[in-house]
Protein chains: 2
Amino acid sequence: MHKEHTLTKNQQIIFDLIDKSPEPMKAYSILFNVQKKGIKAPLQVYRALDKLVEIGKIHKIESRNAFIACHNSSCQVAKATAFSICEICEKVTEISSAGLSKYLANFKDKDGMKYSKYNLEFFGLCKKCRT
Amino acid sequence: MHKEHTLTKNQQIIFDLIDKSPEPMKAYSILFNVQKKGIKAPLQVYRALDKLVEIGKIHKIESRNAFIACHNSSCQVAKATAFSICEICEKVTEISSAGLSKYLANFKDKDGMKYSKYNLEFFGLCKKCRT
DNA sequence: TTACATAGTGTTATATTATAACAATTTAAA
DNA sequence: TTTAAATTGTTATAATATAACACTATGTAA
């Protein structure tokens, strides 16, 4: 479970928008959508995004420069993320697999180094697009 | 082993530069470095980068918007990549672990879907920066 | 060898993503 | 209450990436 943070006004507005979105949202699309709520500048969006990522309420899909809400309630470590991405429809799903996260959290490189933080993006075709 | 492709002039110039670099290179840094060789515009760089990524000669580090040469000669599937990234010095190393790639190539999500293509980025501190 | 398709090139302009710098305000803790 | 830390609002600008178009090279098949 996430540590509870009281979101500020801008953070709440932007989180709500991302949380309602069925797909990852890009920063300038977020900006466009919240302008009627008084958020006028890119920086206001990016600052809220940075904070929301930091506290684990949202994740950034690095290969897409887009953001989705975290729906992984068992996600202890907000910094360990895994997603599947459909290369046709661009649907993105957060993967919550105890096995996978355990494997990656325990993975050691050649030098015996372990990493608590990672981002994994799988690419393929979703059920719909495969048919 | 990579299928042999004859690189074009621009592709070769840009690959050589990235291949010699001890660290991932960003597109505009590449551009700056190859201007004396007659490559003048961003698009010339991006086109070569796209092709080099496509044929597996280089990889893109998504979280850094930077490119490194593939030094993983056993990398059958150029589309299955894993890196460790030092959060202090930004050193990036390609991970070649048969165990890891086997695990990820065989990973199935909830719906039983397997993914041949993935990108994994681990974050931590490298040996030097840990001390 | 010619003709054709495919891939690559060069160029200008522009779109998209993200941060710097600074002043003012709010919040939370000592 | 006072003080430090975080957040906000704002303008300007940096950094990353693609669109569109005309032209050129290369390989292949008739």
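Numbers restart at 1 for each chain; the letters A, B, ... are given by sequence-line order, proteins then strands.
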Rounded interatomic separation in angstrom, taking OH from A:Tyr46 and P from D:dT8: 17 Å
Any residue in residues 24-45 of chain B with a heavy atom nearer than 4.0 angstrom to DNA chain D? Just list them by number, or reply none. B:Lys26, B:Tyr28, B:Leu43
Nearest whole angstrom, please: distance from the P of D:dT16 to the CD of A:Glu62. 14 Å
Which other residues belong to the hydrophobic cluster containing B:Val92, where Ile, Leu, Val, Met, Phe, Trp and Tyr are joined when side-chain heavy atoms lie under 4.5 Å apart, directly or via other members? B:Ile61, B:Ile68, B:Phe83, B:Ile85, B:Phe123
Using the side-chain contact (heavy atoms from CB on, under 4.5 Å) criterion, which residues pair with B:Ser101? Sequence neighbours excluded. B:Tyr118
Under the side chain to side chain donor-acceptor pair (under 3.5 Å) test, which residues partner B:Ser97, sequence neighbours left out? none
If you look only at distance, which donor and acceptor atoms sit under 3.5 Å apart when one is on a side chain in residues 26-34 of chain A and the other is two or more places apart or in another chain?
from, atom 1, to, atom 2, distance (Å)
A:Lys26, NZ, A:Arg64, O, 3.4
A:Asn33, ND2, A:Ser29, O, 2.8

Rounded distance in Å - CD (A:Glu54) to C1' (D:dT7): 13 Å
Apply ring-ring contact (aromatic ring centres under 6.0 Å, His included) to B:Tyr46 and list each qualifying residue two or more places apart in sequence or on a separate chain. none
Within residues 8-22 of chain B or reaching into it, pairs that qualify as side chain to side chain donor-acceptor pair (under 3.5 Å) - sequence neighbours excluded: B:Thr8-B:Gln11, B:Gln12-B:Asp16
Minimum heavy-atom distance between B:Cys86 and B:Leu125, given as atom pair plus value: SG-CA, 4.0 Å
Looking at five pairs on each end of the helix from C:dT1-D:dA30 to C:dA30-D:dT1, what is the angle between the two axes, given to 10 degrees? 40°
Run the side-chain contact (heavy atoms from CB on, under 4.5 Å) test against A:Lys127 and tell me which residues pass, sequence neighbours left out. A:Arg130, B:Asp111
Whole-Å gap separating P (D:dA6) and CZ (A:Arg47): 14 Å
What pairs meet the ring pair (Phe, Tyr, Trp, His ring centres under 6.0 Å) rule with one or both residues in residues 87-107 of chain B, with sequence neighbours excluded? A:Tyr103-B:Tyr103, A:Phe122-B:Phe107
Atom CZ of A:Arg64 and atom C1' of D:dT16 are separated, to the nearest Å, by 16 Å
According to side chain to side chain donor-acceptor pair (under 3.5 Å), who are the partners of A:Glu23, at least two apart in sequence or on a separate chain? none
Would you say a side-chain N or O of A:Thr8 is under 4.0 Å from OP1 or OP2 of D:dT8? yes
Which residue lies toward the 5' end of DNA chain C, B:Asn65 or B:Asn10, if each is placed at its nearest nucleotide? B:Asn10
5'-most to 3'-most nt of DNA chain C touching chain A (<4.0 Å, heavy-atom partner on protein side) reads C:dT17 to C:dA21
What is the distance from atom NZ of A:Lys51 to atom CZ of A:Phe15, rounded to the nearest 0.5 Å? 15.0 Å
